[in-house]
Amino acid sequence: MDAFEEETTSTKAYSYKDLKMLKAYLPFVKPYLFRLIVIIVLDLLVNFCFTAEALVLSKNLDIIQEYLNGTVVYEEAHADFVLLTSLDLGMLFFASFAAYVVNFLLRKIGQEIVYDIRNALFDCVISLSQKQLKTMKIGSFVTRITNDSQNLSTFFSDILPVFIRNLNTVIIILVSTFLKTGLFGFIFLAYLPVVFLLSSLFRKRARRYYLGEKDAISKMNSFLSESFSGIEVTKTYHKENKKQNEFEERNKEIYHHFLRSQDLFAIFYPGMYLLQMTSLLLICGLAIPQVYYGNLTYGTFYLLINFNGQYFQPIQQMASLINSVQSILSSAERCEKILSMEPESDNDGGSLDVPSFQGKVEFRHVYFRYPDGKEDVLKDVSFVIEPGQTAAFVGATGAGKSTIISLITRTYEITGGEILIDDHDIHEYKLSCLRRNIGLMMQDVFLFSGTIEDNITLGDKSISSSEVKEKEDFVGLSPRIASLPEKENTVVKERGDNFSAGERQLISFARTLCYHPSLMLLDEATANIDTETENIIEKSLEKMHSIGTLIIVAHRLSTIKNADIIFVVNKGEIQESGTHQELLKNRSTYYNLYQLQNMERKIGHKQPTGGENA
């Protein structure tokens with residue numbers, strides 16, 4: 001089960017968890033903190049100007065009332081009215097322009113922060129070990145690096161400034177109401193705990209639903225990635241309906257999680273509106289008699305009605321931010337799970353760094369069990385491969401051959417025993433040194449988008465075009481490239497689909513040799529290729545004797561007949577070893593495998609539709 005796919009979060013201790021989690025993002029905010037504070041202060045000034053407009057209008061109404069009552073002369077009232085109106089217009093023009101600047105800069109800073117977070121996420125993922133990478137599906141990584149990181153941008157560009165702006169509005173309204181009307185301020189103040197209590201209850205439920213929705217979307221992305229990658233298999237076996245049903249199940253899961261969260265809002269918003277209306281009725285009930293008896297001016301009454309709308313609007317906005325905040329916190333939590341993972345580094349190895357290996361490989365009583373496994377995959381495996389030798393591992397599927405390759409490269413760590421290269425434990429070498437000196441060719445070759453030369457050099461500018469051509473000649477790739485119109489500049493389609501399996505393997509071979517490995521590992525590298533390409537690779541491997549040690553995991557015994565030593569692996573143990581002729585004379589497991597493959601080859605020759613293994 002994917003530990004990251006089934007994320008469930010308790011609704012308890014959210015505040016503590018949120019604060020602890022958000023600390024992980026402080027290093028990303030720190031370079032922009034001063035600019036962010038300056039912009040938020042400017043935003044508060046803008047907000048004050050917009051909120052103060054009601055105070056100006058209230059004062060103008062009082063001036064008009066005083067003039068009508070005859071307490072001030074026209075000239076004085078007119079001068080005060082013009083002055084306050086001019087001040088109001090000036091504040092509005094300033095606030096409008098400043099609001100544009102604030103919004104632009106906030107979004108810019110938000111994108112800069114997310115740019116750094118996205119880079120950190122990718123750097124972290126690309127540095128994880130194979131073991132760590134297998135704890136999460138590809139779609140989950142994609143969702144976190146793209147969608148979840150983008151959600152974090154809205155926190156800095158929208159959520160945080162809006163929250164501070166609205167909090168500032170509430171404070172201005174409360175202070176102004178107490179100063180202008182005295183006891184009427186307690187009406188607004190009394191509603192605060194009610195609103196925050198409802199918001200707190202809402203927040204706990206909303207968080208749970210948003211986490212569920214995010215996880216459902218992540219599962220959908222993983223499903224789509226897997227389905228589209230295996231579309232040929234789906235069509236070959238007419239499983240379109242099955243895939244459609246699986247898609248509908250995942251789609252329904254997203255749909256139901258979304259409906260649950262929206263049901264909460266369908267209750268929450270009317271509840272908030274009801275509070276606003278009860279507050280308005282209460283103000284009107286208390287203020288109208290005061291206006292009638294002359295204890296409250298028209299301007300002050302207008303101010304109370306205006307502030308009632310302004311007071312609940314920011315509170316509603318802050319409450320509605322819970323919708324976005326829950327989504328953002330869910331995204332932050334999911335991204336933080338990646339950022340908190342300890343990436344693979346040179347510190348995971350020793351300090352030994354050598355330019356190349358002599359090529360001696362030794363296993364001493366090695367045991368290995370997969371992290372989630374119940375039984376040992378390798379049991380007391382011991383062998384020695386001398387420098388410059390070609391060694392082969394053969395055996396049934398699942399015997400443990402490929403596991404041996406994975407342990408040499410430290411893709412996985414042994415659970416017992418020792419692995420030595422040139423009489424040094426592999427943990428004494430820097431991880432970069434170990435990987436740099438080992439060339440690995442796998443059964444499934446991955447080609448990136450770009451040209452053939454890009455795929456051979458992997459973007460390493462230190463590898464010249466002449467060296468690329470030299471390696472192409474060495475592996476027998478040159479005649480095939482010469483037949484292409486664009487030669488090495490031929491564009492590789494997605495996953496190399498415009499090349500045959502054999503051509504992809506030859507490109508992989510040239511790529512490996514460009515990095516000058518002194519220890520070459522081939523894990524079923526010739527399993528899925530045609531006979532012609534297999535012969536080309538075999539001839540190239542014969543030349544490898546002069547380069548370094550060669551270790552081959554093979555299914556076809558015909559490809560390893562000339563190996564210096566062959567190890568037969570059965571159920572995680574070395575059952576027998578020797579040269580091809582020695583093993584045939586033993587008439588044991590290797591002899592039986594060889595006879596079986598000879599029989600299959602003869603049957604294949606008799607059938608016109610014989611496969612490429614013939």
Side-chain angles (χ1 to χ4, degrees), residues 1-9 125 130 133-151 208-264 266 327 330-331 334 337-338 370 372-374 396-398 402 442-449 491-505 524 527-530 555 600 604 607-613:
M1 182 68 69
D2 182 356
F4 289 87
E5 290 301 315
E6 299 296 332
E7 296 175 54
T8 55
T9 306
V125 171
Q130 289 283 358
L133 288 170
K134 288 186 177 181
T135 63
M136 194 186 299
K137 294 180 181 178
I138 293 174
S140 298
F141 284 122
V142 173
T143 300
R144 284 158 171 78
I145 294 174
T146 54
N147 298 353
D148 287 331
S149 63
Q150 187 58 40
N151 278 347
R208 190 188 316 148
Y209 294 149
Y210 270 97
L211 274 174
E213 186 180 346
K214 289 286 182 185
D215 292 339
I217 291 172
S218 181
K219 289 179 184 177
M220 173 68 88
N221 287 337
S222 298
F223 170 78
L224 290 175
S225 176
E226 182 181 81
S227 297
F228 292 145
S229 297
I231 192 70
E232 290 183 11
V233 177
T234 300
K235 288 186 173 295
T236 301
Y237 291 95
H238 305 292
K239 295 297 181 182
E240 291 91 342
N241 290 337
K242 181 177 180 295
K243 285 295 177 184
Q244 180 64 43
N245 291 336
E246 290 178 8
F247 176 83
E248 287 181 5
E249 287 178 11
R250 285 164 173 77
N251 201 17
K252 281 181 182 177
E253 188 177 357
I254 297 173
Y255 171 76
H256 288 310
H257 280 296
F258 178 78
L259 277 187
R260 282 182 172 183
S261 62
Q262 295 310 303
D263 284 344
L264 282 178
S327 176
S330 298
S331 294
R334 289 153 60 82
K337 285 183 183 293
I338 292 180
Y370 286 104
D372 55 351
K374 296 181 180 179
T397 302
S402 296
M442 308 291 288
Q443 178 178 343
D444 297 319
V445 176
F446 190 92
L447 298 184
F448 297 91
S449 57
V491 175
V492 178
K493 293 182 180 178
E494 186 177 4
R495 301 183 67 89
D497 285 345
N498 53 331
F499 295 96
S500 68
E503 289 169 336
R504 292 197 295 270
Q505 196 60 267
E524 299 278 13
N528 295 328
I529 62 177
D530 56 274
H555 173 70
E600 290 175 349
Q607 294 178 353
T609 57
E612 65 180 27
N613 288 351

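Nothing here was measured: the structure is a model prediction, and the numbers come from that model. When reading the values below, keep in mind they use all heavy atoms of this one structure, side chains included, and skip hydrogens, waters and symmetry mates.
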Can you tell me how far [atom2] of [Y] sits from [atom1] of [X], rounded to the nearest 0.5 angstrom?
X    : Y    : atom1 : atom2 : answer
Q505 : M442 : CD    : CE    : 10.0 Å
I217 : R250 : CD1   : CZ    : 14.0 Å
Q244 : E249 : CD    : CD    : 11.0 Å

**Study point:** Contact summary for L447 and R504, nearest pair of heavy atoms
**Key:**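 Between these two residues, the closest heavy atoms are CD1-CG, 3.7 Å.
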Point to revise | Partners passing side chain to side chain donor-acceptor pair (under 3.5 Å) against E246 (at least two apart in sequence or in another chain) | key: K242
Practice item. For Y255, enumerate each residue passing the side chain to side chain contact (heavy atoms under 4.5 Å, CB included) test, keeping only those at least two apart in sequence or located in another chain. Key: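 Y255: side chain to side chain contact (heavy atoms under 4.5 Å, CB included) contacts with L259.
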Point to revise | N251 side chain to F247 backbone, donor-acceptor under 3.5 Å | key: no
